[in-house]
Amino acid sequence: MAALEPDPPLEGGTMAYNQPYGGYRTSNLAHNASLPVHSLPTELLLYIFDLYMQYNRKGKARGYYRKLAELSTVCTRWYKVVRTSPTLWTVITSAVPKNIIALALERSSNLPLDIVYRDEQIITHWDDLSSFAAYLQPPLGRSKTLNILSFDIAETIIEILRLPMPVLEEAKLIKPFLERDTPVHLFQDKAPRLTDITLEGFVCDWDGDSFHRLNTLSISWVPFPSAATVLNLISNSP
């Protein structure tokens with residue numbers, strides 16, 4: 001008997017499986033329907049999916065949509081849950097091509113986004129940060145987390161840092177070998193939810209509002225005008 005071939009959710013199928021109807025399929029459906037997992041409410045099943053996918057949201061997020069596709073091929077019900085749940089489509093990463101990002105933006109229903117850009121040839125589908133950022137205008141303003149490692153020209157990433165980020169909670173911004181003396185005013189002081197910042201290679205306006213509610217601050221290759229500036233950063237944190 002030929003193996004059953006699943007239609008991955010990234011290609012927009014309407015059924016979980018693409019094979020002829022028959023007794024074998026009917027038997028499988030009846031067996032699947034009898035399993036305890038299928039008695040779970042959809043909300044609880046989605047919560048479990050979200051927990052399972054959390055690990056793949058971190059770091060480079062390289063395998064996120066591969067794992068999501070694997071979930072969707074288990075059965076028809078899981079396919080439908082994956083296909084129609086915006087919270088599962090909020091990861092935007094340079095590790096996938098433009099058509100997958102377009103699909104994710106469509107299915108995420110304007111929810112806050114986890115955005116990852118890694119300027120590394122073996123995992124990126126984009127020429128540079130400039131093209132990635134240009135494609136994401138205006139969705140960049142929906143960033144909940146922002147994780148950028150870039151070897152692109154300095155001005156590209158500086159432009160991103162100047163954007164208002166009203167729902168941003170965590171920012172990890174690494175620009176090796178950045179040569180710039182003018183301080184960057186992060187996010188126009190319009191990142192009221194920001195609590196976690198990792199910076200490498202940036203000269204910032206340390207008195208800006210973006211540094212006033214931090215729980216975590218990690219910095220390297222960053223000059224400070226004085227020790228008093230560092231103490232002021234600490235005193236402004238909860």
Side-chain angles (χ1 to χ4, degrees), residues 50-68 86-98 100-102 104-105 108 110-178 180 184 186-188 190-204 208 210-211 213-222:
D50 277 326
L51 290 179
Y52 173 74
M53 297 301 297
Q54 280 301 315
Y55 174 79
N56 294 285
R57 288 178 178 271
K58 301 299 182 180
K60 301 173 182 178
R62 184 178 182 183
Y64 183 86
Y65 284 107
R66 183 179 69 250
K67 291 294 185 181
L68 196 61
T87 58
L88 296 175
W89 295 89
T90 56
V91 173
I92 305 298
T93 169
S94 59
V96 299
K98 184 182 295 185
I100 303 301
I101 290 182
L105 291 173
S108 62
N110 292 316
L111 291 179
L113 303 172
D114 296 308
I115 295 181
V116 180
Y117 179 87
R118 311 291 293 184
D119 207 358
E120 300 163 318
Q121 289 184 352
I122 60 172
I123 65 169
T124 187
H125 285 260
W126 297 77
D127 294 333
D128 50 35
L129 178 60
S130 300
S131 59
F132 184 73
Y135 186 75
L136 290 179
Q137 295 288 353
L140 267 174
R142 292 162 50 195
S143 300
K144 179 181 179 182
T145 67
L146 196 59
N147 185 339
I148 295 177
L149 167 63
S150 176
F151 297 91
D152 204 352
I153 58 174
E155 196 56 37
T156 301
I157 195 167
I158 296 301
E159 288 175 1
I160 294 173
L161 299 182
R162 289 172 176 157
L163 295 173
M165 296 284 181
V167 297
L168 184 66
E169 297 177 4
E170 179 182 341
K172 184 175 183 179
L173 307 162
I174 299 175
K175 172 62 181 177
F177 318 120
L178 179 63
R180 183 183 176 89
V184 180
L186 286 186
F187 311 125
Q188 299 183 26
K190 295 179 181 178
R193 301 184 186 182
L194 185 60
T195 60
D196 188 330
I197 296 181
T198 298
L199 292 173
E200 181 176 320
F202 290 97
V203 181
C204 294
S210 296
F211 294 102
R213 289 167 296 275
L214 299 182
N215 295 324
T216 304
L217 174 63
S218 176
I219 52 178
S220 57
W221 298 98
V222 174

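By convention here, the first residue in the shown sequence is residue 1.
Under a 3.5 Å cut-off, the side chain of Ser210 and the backbone N or O of Leu186 do form a donor-acceptor pair. Side-chain atoms of Thr90 do not come within 3.5 Å of backbone N or O of Ser108 as any donor-acceptor pair.
Closest approach of Met53 and Lys67 over heavy atoms only: CE-CB, 3.9 Å. The two residues Pro164 and Gln188 make their nearest non-hydrogen contact at CD-NE2, 3.6 Å. When every heavy atom of Gly141 is checked against every heavy atom of Pro166, the shortest pair comes out as O-CD, 3.6 Å. Of all non-hydrogen atoms in Tyr64 and Thr87, the two that sit nearest each other are OH-O, 4.5 Å. Taking each heavy atom of Tyr65 and Val96 in turn, the nearest pair found is CD1-CG1, 4.2 Å.
A side chain to side chain contact (heavy atoms under 4.5 Å, CB included) with Ile115 is found for one member of Leu136, Thr93, Val91, Ile160 and no other, namely Leu136. Paired with Trp89 under the rule side chain to side chain contact (heavy atoms under 4.5 Å, CB included), one option of Leu111, Leu113, Leu68, Leu105 passes, and it is Leu68. When each of Leu194, Thr198, Asp196 is checked for a side chain to side chain contact (heavy atoms under 4.5 Å, CB included) with Glu170, only Asp196 meets the rule.
The CZ atom of Arg213 sits 11.5 Å away from atom CZ of Arg193, with the distance rounded to the nearest 0.5 Å. Residue Leu129 holds its CG atom at 9.0 Å from OG of Ser94, rounded to the nearest 0.5 Å. Between atom CD1 of residue Ile92 and atom CD1 of residue Ile100 there is a gap of 10.5 Å, rounded to the nearest 0.5 Å. A distance of 8.0 Å separates CG in Leu173 from CD1 in Ile197, rounded to the nearest 0.5 Å. Here the NZ-CG distance, from Lys144 to Asp114, works out to 6.5 Å after rounding to the nearest 0.5 Å. Interatomic distance, OG of Ser150 versus CG of Asp128, reported as 8.0 Å (0.5 Å rounding).
Leu161 places a side-chain heavy atom less than 4.5 Å from the side chain of Phe187. The shortest side-chain heavy-atom distance between Arg118 and Asn147 falls under the 4.5 Å cut-off.
Below 30°, between 30° and 60°, or above 60°: for Trp126 and Phe132 the angle between ring planes is above 60°, a perpendicular geometry.
Legend: residues meeting side-chain contact (heavy atoms from CB on, under 4.5 Å) with Leu163, ordered by chain and number and at least two apart, are Gln137, Leu140, Met165.
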